[in-house]
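In what follows, a structure is listed as structure tokens, so that the remarks can point back to it.
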Amino acid sequence: MALIPAGDIVKWAYCTNGFAGHRLPEALAVLADLGYTGAAITLDHGHLDPFSPGLAAEVSSIAGICARLGLGTVVETGGRYTLDPLRKHHPTLISEDAGRRVEFLVMAMRVAADLGAPVVHLWSGVRPDGMPEVEAYTRLARQCARLLDEADRVGVTLGFEPEPGMLVADLDGYERLRAMLGGHPRFGLTLDIGHCHCLEREDLDTCVRRALPYTVHVQIEDMRRGVHEHLEFGEGEIDFVPALAALRGYRGLVAVELARHSHAAPQVARRSIDFLRRAHEGARTGVAGLGRPAGRG
């Protein structure tokens, strides 16, 4: 295992979808107090509502708060019912009515630029029933090309996330789509550590090294093989010491994604950063066992 140099500092962050019961300024203050240096802000009804008439003023306020707290930011767009109150994650970039998703993502890029966030996260969506895979990829690539034009204009990078169950579910799918877009320099990867363990064929640390040249954002949580359920650290199967060692050289945020843990957000966030610091120390020193809490494997 390659060790992390002693001076290599990881920018631990937390996804704000895991603080759904908090006002966004309160969540940011809690994270900064716990020692996080970043926040992955999900645009949704509770936090920076994309349809709020006061969105511009709210973005300006949050940018100032993050600057005072020393928090870097990434904009995430994975809200379940942000665009449709009845259909989860609808419409997608593959849907017949993809225009609303495109407009939302364009707005997200402009919010990111105003926040000073370098990356906007996105994903493909599920392939519609009866649609051939080739057609779905063609539609997706066409919409991503439109988004990349806007990314060039506002100066942000797209962080595309392979998501289990969606059209682009793994690194093979991401690399296929990236090739269709000509390897555009602003078409980066959101690497989800748990997803890699869940469904990739290769070992986790091999997946991380493979993805590293494209990676612009990292999400992290524990998970079990073949089960897409985001778990607290130590409740799944992942050995995080080699995974973090494989991230050597990455300079973006590493954001804990536990969207279903808002009921105990401050406590979960505290346990998470404590765990990750231990795992990072194990990756730095080569000491085994620091990537798993005592008594959990």
Would you say the side-chain atoms of [X] and [Y] include a donor-acceptor pair closer than 3.5 Å?
{"X": "E232", "Y": "S272", "answer": "no"}
{"X": "R270", "Y": "Q267", "answer": "no"}
{"X": "H197", "Y": "E237", "answer": "yes"}
{"X": "D222", "Y": "H230", "answer": "no"}

Heavy atoms, side chains only, cut-off 4.5 Å: are L43 and E76 in contact?
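Answer no - side chains too far apart.
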So do the side chains of E133 and L167 get within less than 4.5 Å of each other, counting heavy atoms only?
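When only atoms from C-beta onward are counted, L167 and E133 do touch, with a gap below 4.5 Å.
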So, [X] side chain and [Y] main chain: donor-acceptor pair closer than 3.5 Å or not?
{"X": "T77", "Y": "H121", "result": "yes"}
{"X": "K11", "Y": "V254", "result": "no"}
{"X": "H45", "Y": "Y81", "result": "yes"}

Once the angle between the rings of [X] and [Y] is folded into 0 to 90°, is it parallel (under 30°), tilted (30 to 60°) or perpendicular (over 60°)?
{"X": "Y14", "Y": "Y36", "value": "perpendicular"}
{"X": "F233", "Y": "F275", "value": "parallel"}
{"X": "F19", "Y": "H22", "value": "perpendicular"}

How long is the straight-line distance from CD1 of I220 back to CD of E257, given to the nearest 0.5 Å?
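Result: 11.5 Å between the selected atoms.
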More than 12 heavy atoms of other residues, nucleotides or ligands under 6.0 Å from CZ of R277: is that the case?
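More than 12 within 6.0 Å, yes.
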Is the distance between the ring centroids of F51 and F104 less than 6.0 Å?
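Between F51 and F104, the centre distance exceeds or equals 6.0 Å.
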